[in-house]
Amino acid sequence: MTLYDDYDAPPYIHVDGALVARDEAAVSPLDHGFMHGDGCFEALVVTEGRIFMLDAHLERMRRSLRALRIDYDLDRLRTAVAEVVHANGLAEASFVKAIVSRGASPAPSPDPRGLVPTCVVFGEPLMHLVDKRAERAGITLKTAAVRRNGPETLDAKIKSLNYLNPILAKIEAIEAGADEALLLDTNGEVAEATTENIFVVHGGRLRTPSSPAALEGVTRGVVEGLAADLGMPTERARLTLTDVYAADEVFLTSTAGGVIPVGAVDGRRPDHGPLGPVTSALRDAYERVLTDPAFTVGLDELLPVITGDSR
Ligand code: PMP
């Protein structure tokens, strides 16, 4: 029995501008994404036919691509995201992953010159990081020995295909029986979780790490805005593990999981439990904006012909 035995896989994947049957979707073994992790990706969420924060994700992709000097037309990606969701009948709730790599090389060489980028877009039913019951109790974090890479090595602002250190951290968390890993940066400051940003609450003050080793999470940005609207501005601060252990509340944010309550970090439980007042208020506010037109774009706006909306 594997994690995916009961998985009802969506039938189509977008590869290089066309929808193809999932079983036939293929990328060259000499693709730089496969050989070297040379490329970048974005993950997005769709709720009730609306794509959340599409422009913010495309902007982060644009910055990653610029840093890697990969030239790709993001308007094509914009439509591909909507097409994948529509073709697979996933408008209700889905998770979309868009990958752009440097492309297939004629030879197994790291030389990046002259390659044509490969683009793959998957749309999958929304799978929760942990099941809903566990989530109410809060997920558990284990601080990993492996450190999150920062600007002195591979800048975390590039959302690259090289995810080895989150994966190594996840292995540590799994082996310790925790749901997710907490990663420190190379200075020993708290950076983020495996694939989520982290927030802590101290006496009503909301904080998130200022460490440059944390990804500029789209959900983190949204939650900072929602918190400000609720009269609770977020402080970006240098945080140590002691700040996390001493927190009243701890939660994570990510596209795949939204606002995720944390029940324990290295066995320490936040004073106000997993769903304290700040976490609850922000979780509710986040769930409300998932379909808000100010934060989303409708599939019908991106695909008026296919979805039959002739506006
Ligand atoms: N950190 C890392 C390393 C991630 O991979 C992700 C998920 N993409 C996040 C944080 C959360 O970012 P976002 O809110 O943009 O999904």
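In this chain, residues are counted from 1 in sequence order. As the structure lists them, so they are numbered: ligands from 1, and atoms in each ligand from 1. Hydrogens, waters and symmetry mates play no part in the numbers below; they use all other heavy atoms, side chains included. In this text the structure is predicted, and so the values were computed from the model without any measurement.
Using modelled atom types, no side-chain atom of D248 and backbone atom of D271 make a donor-acceptor pair closer than 3.5 Å.
For F122 and F41, the distance between ring centers is not under 6.0 angstrom.
For ligand 1, the protein residues placed under 4.0 Å by at least one non-hydrogen atom are R60, R148, K159, Y163, E192, T194, T195, E196, N197, L215, G217, V218, T219, T253, S254, T255.
Under a 4.0 Å N-O distance rule, the pair R78/D55 qualifies as a salt bridge. Using a 4.0 Å cut-off between a side-chain N of Lys or Arg and a carboxylate O of Asp or Glu, K142 and E175 do not qualify as a salt bridge.
For R66, the side chain to side chain contact (heavy atoms under 4.5 Å, CB included) partners are R62, not counting sequence neighbours.
Considering N197, V218, V259 in turn, V259 is the only one that fulfils the side chain to side chain contact (heavy atoms under 4.5 Å, CB included) rule with V223.
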